[in-house]
Structures are given as structure tokens and as C-alpha cells.
**Q** 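Pasting in a structure now, in C-alpha cells, and then I'll have a few things to ask.
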There are 2 protein chains.
Amino acid sequence: MANIKEVALKAGVSTSTVSRALSGKIFVDPETKKKVLQAVRELNYQPNALAKGLKEGRTKTLGLIIPNLHNLLFPAAIRGITDIAKKHGYTVVLCNTDEDLETEQLYVENLRMRSVDGLIFSTATAASSHIVKLKEEGYPVVLMLRHLNEKLDSIIIDNFQGAYRATRFLIDRGYRRIAIINGTLGLDLYRQRFLGYQAALADAGLALDETLVVYDTAGWEDGYQAMLDLWERGGQPDAVVATSDPKALGVIKAVKERKLRVPEDIAVIGYDNLDMSELMDPPLTTMAQPFYEVGTKAAERVIKLINGKGKLKPVIEKLEVKLLVRGSVGYGKAFHGD
Amino acid sequence: MANIKEVALKAGVSTSTVSRALSGKIFVDPETKKKVLQAVRELNYQPNALAKGLKEGRTKTLGLIIPNLHNLLFPAAIRGITDIAKKHGYTVVLCNTDEDLETEQLYVENLRMRSVDGLIFSTATAASSHIVKLKEEGYPVVLMLRHLNEKLDSIIIDNFQGAYRATRFLIDRGYRRIAIINGTLGLDLYRQRFLGYQAALADAGLALDETLVVYDTAGWEDGYQAMLDLWERGGQPDAVVATSDPKALGVIKAVKERKLRVPEDIAVIGYDNLDMSELMDPPLTTMAQPFYEVGTKAAERVIKLINGKGKLKPVIEKLEVKLLVRGSVGYGKAFHGD
DNA sequence: CTGAAAGCGCTTACAG
DNA sequence: CTGAAAGCGCTTACAG
């Protein structure tokens, strides 16, 4: 590939002039500029971004660290990020950690070495002292979806409210034995959802029944198994709050296999609003999360940090979830009209 | 961040020695090495990858261009790529084009400027002369999944065979009016699937009935609509080959809504084997594609090209699909035992 | 308005 | 075994 020297030679000017003609930041004689652009075209010249980055001390690149590409919520957030990044002239480098802390640290080092200008994390673990350290060094960092820390800018979803509203909706519809099939309490988002569930029960004067609580599930297979466990324990739920759509679908499968009906015998509400959830049989009632918006906000925030040289105070932004009512929830025995 | 000069100063050696002590390629006195490593640790030094890349003429980075992150097949392929990349010390830069050719060209330019060592494409369009041009310049390029071109290394799936076997399976099970709900013929993969479908019919002595063919569908909504269209036209299918799982699920939804049963009234076979397909009601019979393996092979190939300086002849590798028989296909009227 | 020169942070022949 | 120097390809004060 041609370099700036060859362009300068062909255009009969100095490399400084080529650089200026291309950057547009400093005035260059129109005639000279024309010659330069002509040479650029003939040689198919493209400036070397490594050299440019080395000189300028920035690369116009954002690093994005994601725990699991298979989790259907990330693609939407990623799209939000890349859309904003593109608008501001940034490229996004995506790293998938497979929920592994060591891999995450490796990628962080790698991205730092590559002089990535800012980092967006959806981190696997709560602790992650290496992230806080990055921030302390003045490195622009934004947390997304998974966890929050008062020292770090975070774009998250109001998980407490989401679970509260889901549970409250079931109560209002007349359900009383409401089970929750939750994820790991190692993640703040699942702790918040559990708290929301508890608060909704408490506000309605219902006692928390531990036989109706399942922890540490992930994926539809776990949802299916969790439902079997609930029956095994004699939990007798008339409704289930699943903390993800796949888990909700696993629950529905279990209910159908037992020859029970959704929602007549057991109502099910999910969390995520995946593409597929609407086409299910019955269509899944769920809490829709604004993933795309999370992505755009995270990208906007990290770009702001980059431009502000990290002197801004951390901002924690919580986005609302939306209840989508579909066929998987009906009316329970305690329902007496609105 | 500390640079090599500060490390050299602290360790009381030259920058050359620091570089050598860290690279390990040239022998350095163990005592000296110890001093260097000590200084590195104290300063938390990490070599600047831009400077290194600029000097060495390579960046140990692979570019990956994907048309659509929402398409559930890509995450599996991406994981295959990143796993191999990691093993060889490469980082992967992911770009999502949203099926837009202009965006694709922009990313290609960008990745080239960044001195990415090799590129893996799953390209939106068949033409893409900019890709062929890259190859002609000696740039390591591998095509994946979407399209092939004799001049370019490609890792693809045997789509002809896949559709042939799906159709053949339905015929063997006694179905005779087999519809196909296909994607755009602009993509080679859908052309191949259509040809496989036709060949299976022809081999069984069945005529191709155009009222049973729907083109240009994508996503479950289209599958749903396509099924309505088939009935509208009076196609009267007893089985449907859908060229993706989401489309198959849309078909099943339409069948159920018409109060018909799958597979008793209409059998359905999909293509992809998404995570969710097994939990559907009924579980979806489908052609499983080895996406992870496609990813690993593509990454291995591009790394081989990088090391071979592009002097290798293009290799086109076709991987087999696997028929997974589940509840959505039963036995048709023409079935007379095995 | 333009050029010569310095420098970003590395690596690596070239000497010794 | 180690150091001084050149150079990767840019950008940008500094002169003029």
C-alpha cells in the first residue's frame, strides 16, 4: 500500500502538505489540493491509522466487552453502540469473554495496548477491580446492563421496578401463589429483580413463600427443570415470574407436558421480549427492556467521557422496562374485575 | 501510561534491552532481565501496540464483517472465530454492516487503514468487487457462509445437500405436496437450497408446482405470512420446507391459528437448529448447520493465508448439515412403512 | 501558503 | 550480551 511519501512525490509537494490537504483543518491552496487529491486517487492511498494514532494519541476506537454473544439481549445493545459510534467516527472492537474473568482481564490489557479511546463493559462479575483501576487512571469507562458501581458511569435497567411491576400485574390479575424463577444472585440485576418481587408481594400483603423461589437458573432448559422442581417441592404455583424469556418458555413447555394449560392453570410472565416471544403458543407476556437504547446511551456517554478527558462526575442512568401483555397471563381465582 | 523509555531508565539499561528482554526472541543476561521485569512491574508498563504494529507491519488483529448480528447463526460462528484467534494470539474486530453494501465498504477501508492482518467476510451481496480487489492486492481474505467465489477462500455449508435431504426426508415420510418457503435468490445459499429442493422432487418423480413456492422471505413474520399466501393461492401443501427456523416457527403459528395440527395436517421442517427450536411445541425438525465449525475453519484459513503471504491457492470448503428429526414431521398419506 | 524537522513508541540490523 | 541509531508513517509546531 502507498504511503504519504509516495503521494507527496507524485504530487510534487511535501508530506506536510499532503497531510494538510487531507485533514482539511488548515488552508491549502486549491490548486495544490487538487494535485494532492489526484495523486491520492491514482495511488489508492489510505492513511495508516496506526501511525496516525501513534502521533495523535487517540485511535477513534471504542472497546466493547460482552460476556456472552449467545445471550440474545446483547446484539440489540451492540447495534445501539455501533450506530452511535459510527455517527461520531468511531469504530467498535468487540470482545466476547464467555463469562470468564481471566479472559476479560486479557482483553482489557489488549485493548489498552491498542490505545482504544474508551471502553464499554457488560461485565461478568461484580468485583472486577481491574475496571475500577482503569477508571482511576483516567481511562473512559462505561458499565452497561450488568452491574453498577458508584464510581463508574453506568447505563442500566431498573430491574427492581421491572420485577415489581411484573409481580404486581399478576397480583392484580388475581394470582396469589406466584413463583419466581431467578438467575444467580451473584449479579446485581437478579438481586434487584428478587427485591422487586418481594416488595410487590409485601405491598399486597402476601407472605414470601420460599417453596416458590428458585435461584441460579439460566437458559430454557433450566426454566423447564425449575418448574419440575417447584412441583416436586409441592409449591403449587398459579403463576410464574421468569427472569428471562427463554426460562419462561422452558416453564411453558413443562406446563404443557404435564397436560396443564397456560394461562388457565398457570400464568407465565417473562423478561426480555426476545424476537420470538410474540410468536409462542401462547404468546408470551413479558417485560420489554430497551436494549438498543442502553447501547446508544452507553456509547454517547463514553464518547462524552473521551472528549471531557474523564473529568466528569460518574452518572448512573436507569432506564424503564415496559410490560407487554400477551396471552400467557389470564385471570386468577382471586380476580374480581377491575 | 509508562513507555519503554521510562522502563529503560528505571532499569538502568537501554530501550533495546528492554525490548529484547520482553520479546524473549534474543538472549538477555538473566540478571539484566530480572531488573527489566522488575521495572516493568513497578511502572505497570504495557507496550504500545500501535507503535509495535507500525514497526512490525502487522497487528495480530483479524477483521470480521458480518451482515446482521440479530441473525442467530452468527454468534455461533463468531465464537468459533474468536476461539481460534485467541489460540493464535489474534484479536478480532467485529463490524456489523446491517446488510448494507455502503457500510461494508466503509468498514473495509477502515480495517485496512488499521492494518488488520486478515479479513473474514460474510457478505451481504454477491458482487462485492471491493472484496475481490482486496484479494488481488494480496490481502488475506476468507469468505464465510454467505457466498463463494472461485478466486476466494470460502468456508460454506452444503446448502444444496441440506435442502435436498430435507425434501427427500419429507418424501420418504409420505408427503407429496411439499412447499418451500425460501429466502432471496440474491444470495447463493438460497439458490442452492432451491436447487436441492427441486432435485429431490425430480429424483422422486414429482413435478415442481410453482403454487407451492414462496420467495424472498426472512424472519418469522414472513414465514407466517407466506403460509397464509400459500393457502390463498390454493397451494394445499401437506408439508413445508422453511429455509430458516424462525420462518418454520411462523409457519407453525399460522397452522395452529387455522386450527390445523402440526404434523398431522401439515409437517414442517426448518433450517438452522437455533437454541430454541427444540423447545417449541411441537419440537422443530430441522437441518443443523455447523456454525461454530465454520467459524473455526474460517479463522484457521485466514491465519494460514497471513502466514503464507497469500501465495496459497484458494480453497473452498463445504461442510455438511445434519438432519435432526423431531416432532414437527410425522407421516404423510403416501407413507407405506420403511 | 508551504517545507524541513522533530517526535509519537516501538524493533532490529549494525557494531562492539 | 548490550547500546546507539535508523526507521515504521504519520502530524504539527516552527520558520519563512
Side-chain angles (χ1 to χ4, degrees), chain A residues 1-40 43-61 89 91 109-117, chain B residues 1-40 43-61 89 91 109-117:
Chain A
M1 265 186 55
N3 62 25
I4 199 170
K5 249 180 176 165
E6 302 174 47
V7 174
L9 197 71
K10 176 153 237 155
V13 297
S14 72
T15 58
S16 325
T17 300
V18 174
S19 180
R20 290 184 194 115
L22 258 32
S23 84
K25 280 183 282 190
I26 285 178
F27 196 86
V28 174
D29 182 281
E31 278 304 308
T32 316
K33 194 167 191 170
K34 204 185 282 177
K35 282 190 296 181
V36 171
L37 295 181
Q38 178 62 24
V40 164
L43 294 169
N44 190 22
Y45 168 70
Q46 287 183 292
N48 181 313
L50 299 180
K52 192 174 153 95
L54 182 58
K55 190 72 182 79
E56 295 186 331
R58 68 190 166 86
T59 55
K60 285 283 196 175
T61 308
T91 303
E109 264 181 44
N110 192 283
L111 292 173
R112 239 183 106 183
M113 284 195 328
R114 284 165 200 271
S115 310
V116 156
D117 296 336
Chain B
M1 265 187 56
N3 62 24
I4 197 170
K5 248 180 174 164
E6 302 174 47
V7 175
L9 198 72
K10 177 153 236 154
V13 297
S14 72
T15 58
S16 325
T17 300
V18 173
S19 180
R20 289 185 194 114
L22 256 34
S23 83
K25 280 182 283 189
I26 285 177
F27 196 86
V28 174
D29 182 282
E31 277 306 306
T32 317
K33 194 166 190 169
K34 205 185 280 177
K35 280 191 298 182
V36 171
L37 295 181
Q38 178 61 24
V40 163
L43 295 169
N44 190 21
Y45 169 68
Q46 287 182 293
N48 180 312
L50 299 180
K52 192 174 154 96
L54 182 58
K55 189 72 181 84
E56 295 186 332
R58 69 190 168 84
T59 53
K60 285 284 197 173
T61 308
T91 303
E109 263 181 44
N110 192 284
L111 292 173
R112 240 183 104 184
M113 285 194 329
R114 283 166 199 270
S115 308
V116 157
D117 296 336

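No hydrogens, no waters, no symmetry mates; every other heavy atom, side chains included, goes into these values. Here is how names work: the chains are called A, B, and so on, in the same order as the sequence lines, proteins then strands, and each is numbered from 1.
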**Q** Under a cut-off of 3.5 Å for both distances of each Watson-Crick or G-U pair, what dot-bracket string does DNA chain D give, using [ ] for crossing pairs and | for inter-strand pairs?
**A** |||.||||||||.|||
**Q** Establish, from distance only, whether the side-chain atoms of A/T59 and B/R114 form a donor-acceptor pair under 3.5 Å.
**A** no
**Q** Taking the nucleotide of DNA chain C with the closest heavy atom to each, which residue, B/S23 or A/T32, is nearer the 5' end?
**A** A/T32
**Q** Can you name the closest pair of heavy atoms from B/A8 and B/S14 and give their distance?
**A** CB-C, 3.8 Å
**Q** Locate the shortest heavy-atom distance separating A/V28 from A/A21; write the atom from each residue and the value.
**A** CG2-N, 3.8 Å
**Q** For B/K33 and A/K25, find the nucleotide of DNA chain D closest to each by heavy atoms; which residue's nucleotide sits nearer the 5' end?
**A** B/K33
**Q** Check every nucleotide of DNA chain C for an atom under 4.0 Å from a heavy-atom of chain B, then give the first and the last such nucleotide from 5' to 3'.
**A** C/dG9 to C/dA13
**Q** Answer with yes or no whether the side chains of B/N110 and A/T91 bring together a donor and an acceptor at under 3.5 Å.
**A** yes
**Q** More 5' along DNA chain D: B/K55 or B/I26, using each one's nearest nucleotide?
**A** B/I26
**Q** Between B/D117 (side chain only) and B/K60 (backbone N and O only), is there a donor and an acceptor less than 3.5 Å apart?
**A** yes
**Q** NA contact type, B/K52, heavy-atom cut-off 4.0 Å: base, sugar-phosphate, or nothing?
**A** sugar-phosphate
**Q** Looking at every non-hydrogen atom in both residues, tell me the closest pair between B/T15 and B/I4 and how far apart they are.
**A** O-CD1, 3.7 Å
**Q** For DNA chain D, determine which residues of residues 9-21 of chain B have any heavy atom closer than 4.0 angstrom to one of its atoms, and list them numerically.
**A** B/V13, B/S14, B/S16, B/T17, B/R20
**Q** Heavy atoms only: give me the nearest B/Y45-B/L22 pair and the separation to one decimal.
**A** CE2-CD2, 3.6 Å
**Q** Return the minimal non-hydrogen interatomic distance between B/M113 and A/P47, and the atom names on each side.
**A** CG-O, 3.5 Å
**Q** Which atom names give the shortest non-hydrogen contact between B/V7 and B/V36, and what distance separates them?
**A** CG1-O, 4.3 Å
**Q** Please tell me whether B/S16 and B/S19 have a donor and an acceptor in their side chains that are separated by less than 3.5 angstrom.
**A** no
